[in-house]
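To start, the structure itself, in structure tokens.
Chain letters run A, B, ... following the sequence lines, proteins first, then strands; residues in each count from 1.
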There are 2 protein chains.
Amino acid sequence: MRTYGQYCAVAKSLDVLGDRWTLLIIRELLLTHAARYTDLRNGLPGIATNLLAERLRELERAGLVAREEAAPPIATTLFSLTDRGRELEPVLHALGRWGLPYMAGGPAPGDAFRGHWLSWPAQEFLHDQAPDGPPVAIAVDVDGEEFVIECSAGAITVRDGRAERPDARLAGSPHAVLAVLTGGAQLDDASSALGLRFEGDREALLRLVPSPRLASVRP
Amino acid sequence: MRTYGQYCAVAKSLDVLGDRWTLLIIRELLLTHAARYTDLRNGLPGIATNLLAERLRELERAGLVAREEAAPPIATTLFSLTDRGRELEPVLHALGRWGLPYMAGGPAPGDAFRGHWLSWPAQEFLHDQAPDGPPVAIAVDVDGEEFVIECSAGAITVRDGRAERPDARLAGSPHAVLAVLTGGAQLDDASSALGLRFEGDREALLRLVPSPRLASVRP
DNA sequence: CCGCATCCGGGGCGATACTG
DNA sequence: CAGTATCGCCCCGGATGCGG
């Protein structure tokens with residue numbers, strides 16, 4: 001990117017991050033911790049393959065991304081954030097929170113969606129309201145992509161994949177699941193109005209779901 | 001800007017903010033509260049005038065910027081942020097904090113500088129360590145641009161212009177002043193190594209300057 | 001298959017000139 | 001003062017090819 005040529009911290013940040021797709025690549029690496037080139041392509045629908053390669057090179061040169069060549073039997077390349085790259089988490093969180101209102105109406109026609117994009121709002125908005133209770137696991141199925149929200153002793157973790165024996169199952173559109181996760185819709189309202197499907201232990205979910213707040217995604 | 005077409009809050013934010021110069025225009029409006037077109041041009045050295053006009057139109061359409069035509073005797077246009085635009089303050093703060101390390105070496109050759117760009121670090125890093133003390137005012141002169149840091153009853157305010165009877169005067173390069181404001185350099189070190197000039201009540205400044213911390217700009 | 005490199009068309013961007 | 005007009009150029013998007 002052409003530099004702004006300004007002795008200002010915001011401009012200096014944008015000199016590094018301002019190129020198209022750069023911050024979304026950071027998003028993917030923050031959400032996945034370590035990803036192959038193909039994983040990144042899949043998490044960034046719409047990116048041109050040459051741009052992804054070029055951005056990764058630039059981010060490596062800037063010291064935000066590390067490239068790890070796996071041992072011969074595996075023969076693949078893993079991309080991950082350096083410490084300096086992980087320091088961008090507050091920036092991505094601020095951007096995500098500011099953009100939440102644009103999610104309210106549901107996806108625009110043609111919008112792509114990936115299940116793991118919801119792991120940020122799950123981490124950010126859910127809180128364990130009964131830290132002394134037993135651990136719970138909630139399986140989430142969004143447009144066929146599945147992940148698991150686990151809660152134990154006050155800590156929330158989100159991981160990809162299927163749960164073995166979840167306490168509850170949540171399934172529906174991205175919009176419906178997001179509305180429930182951010183506290184913008186009550187479970188029953190989302191079921192009737194947004195087609196959300198819920199089964200299992202109702203208490204397990206209600207333990208985590210926040211009360212409605214300003215930053216939420218309302219139906 | 002061409003939309004990313006992703007149902008993700010970060011991507012939706014970047015659909016609005018991702019164009020070149022857009023976030024720097026927001027920076028100017030956050031720092032100046034209300035600015036004329038010419039003020040914005042002056043605070044954004046390097047921008048092409050057609051781009052500034054186009055960005056302002058887009059930001060107005062997006063509901064982030066309001067254009068106010070002053071009454072006939074004044075005959076000028078004022079641009080300011082809407083409430084929604086001001087909600088970007090956390091985003092700009094996060095970007096500024098992340099970019100601080102890039103300021104450590106001083107300006108790159110050819111870098112432009114404007115005095116009011118320092119008002120953010122002044123607000124962010126200075127704290128009144130003696131809220132019960134008398135009000136103080138410190139005049140700052142950076143490359144000929146002047147502003148005033150005022151402190152009263154624990155609150156820090158920064159404004160452009162000259163102080164009538166400041167308790168202290170601080171003058172020097174952007175790099176030197178920034179290093180002192182962020183706590184990266186002690187006053188004496190900055191004087192000897194960075195050519196900082198200081199006169200007046202030393203206690204007035206030491207009351208505000210933070211102790212060295214990680215996010216500071218070191219010489 | 002994975003991780004790119006190359007090629008090409010179109011549009012965003014940069015610089016300057018000009019205007020009510 | 002607050003823009004519009006114009007014109008290269010380079011970044012970006014989309015497709016294809018290619019070595020390990």
Side-chain angles (χ1 to χ4, degrees), chain A residues 1-6 11 14-25 28-29 32 34-62 65-80 110-112, chain B residues 1-6 11 14-25 28-29 32 34-62 65-80 110-112:
Chain A
M1 144 160 291
R2 187 189 172 94
T3 178
Y4 284 106
Q6 298 185 357
L14 293 176
D15 281 346
V16 178
L17 308 170
D19 266 324
R20 192 160 162 80
W21 292 106
T22 299
L23 278 169
L24 294 186
I25 294 173
E28 285 303 303
L29 292 170
T32 61
R36 296 173 302 174
Y37 187 89
T38 314
D39 300 331
L40 290 173
R41 272 201 71 173
N42 190 269
L44 295 162
I47 197 174
T49 173
N50 57 341
L51 279 191
L52 177 54
E54 188 181 334
R55 292 294 119 88
L56 285 171
R57 239 181 291 125
E58 294 165 354
L59 288 170
E60 204 181 350
R61 280 198 52 213
V65 163
R67 174 190 311 249
E68 179 192 348
E69 306 284 348
I74 310 184
T76 187
T77 316
L78 285 181
F79 297 92
S80 62
D111 267 5
Chain B
M1 143 160 293
R2 187 190 170 93
T3 177
Y4 285 106
Q6 299 184 357
L14 294 176
D15 282 347
V16 178
L17 309 170
D19 266 325
R20 192 160 162 78
W21 291 107
T22 299
L23 278 169
L24 293 186
I25 294 173
E28 284 304 303
L29 292 170
T32 59
R36 296 172 301 175
Y37 188 89
T38 312
D39 301 330
L40 289 173
R41 273 199 72 173
N42 189 268
L44 295 162
I47 198 174
T49 174
N50 57 342
L51 279 191
L52 177 54
E54 188 181 333
R55 291 296 120 87
L56 286 171
R57 241 180 286 126
E58 293 164 355
L59 288 171
E60 204 181 350
R61 280 198 52 212
V65 163
R67 175 190 310 250
E68 178 192 348
E69 307 284 349
I74 309 185
T76 188
T77 315
L78 284 181
F79 297 91
S80 61
D111 267 5

If every non-hydrogen atom of B:L24 is compared with every non-hydrogen atom of A:Y4, which pair is closest and at what distance?
->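 Heavy atoms only, the tightest pair is CD1-CD2, 3.5 Å.
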
[N] phosphate, OP1 or OP2: any side-chain N/O from [X] under 4.0 angstrom?
X	N	result
A:R55	D:dG13	no
A:R41	C:dC1	no
A:R57	C:dG3	no
B:T38	D:dA2	yes

From [options], pick the nucleotide closest to the side chain of [X]?
X	options	result
A:A53	C:dC4, D:dG13, D:dG3	C:dC4
A:T76	C:dC2, C:dC4, D:dG13	C:dC2
A:D19	C:dA15, D:dC1, D:dC12	D:dC12
A:N50	C:dC4, D:dG13, D:dA5	D:dG13
B:L51	C:dC13, D:dA15, D:dG3	C:dC13

Between [X] ([atom1]) and [N] ([atom2]), how many Å, whole number?
X	N	atom1	atom2	result
A:L44	C:dG3	CG	C1'	15 Å
B:L78	D:dG3	CG	P	11 Å
A:R36	D:dG20	CZ	C1'	16 Å
A:E54	C:dA5	CD	C1'	11 Å
A:I47	C:dA5	CD1	P	14 Å
B:W21	C:dG14	CH2	P	7 Å
A:E68	C:dG3	CD	C1'	16 Å
B:Y37	C:dT19	OH	C1'	13 Å

When the nearest nucleotide of DNA chain C is assigned to A:R2 and to B:R2 on a heavy-atom basis, which residue is associated with the more 5' position?
->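 First, find each residue's nearest nucleotide; the 5'-ward one identifies B:R2.
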
Salt bridge present between A:R55 and A:E58 (N-O < 4.0 angstrom) =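 Salt bridge between A:R55 and A:E58, a charged N being under 4.0 Å from a carboxylate O: yes.
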
Would a distance-only check, ignoring hydrogens and angles, find a side-chain to backbone donor-acceptor pair under 3.5 Å from A:R20 to B:R2?
->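 Such a contact is found between A:R20 side chain and B:R2 backbone.
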
Do B:T32 side-chain atoms and B:E28 backbone N/O form a donor-acceptor pair below 3.5 Å?
->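 Yes; at least one donor-acceptor contact below 3.5 Å.
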
Flag for A:Y37-A:T76: side-chain donor and acceptor within less than 3.5 Å |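 Looking only at side-chain atoms, A:Y37 and A:T76 do not form any donor-acceptor pair under 3.5 Å.
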
Which sits closer to the 5' end of DNA chain D, A:T49 or A:R20, going by the nucleotide each is nearest to?
->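 Checking each residue's closest nucleotide, the 5'-ward one belongs to A:R20.
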
Touch class at under 4.0 angstrom, heavy-atom based, for B:A48 against every strand present |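 If one applies the 4.0 Å heavy-atom cut-off, B:A48 turns out to touch a base.
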
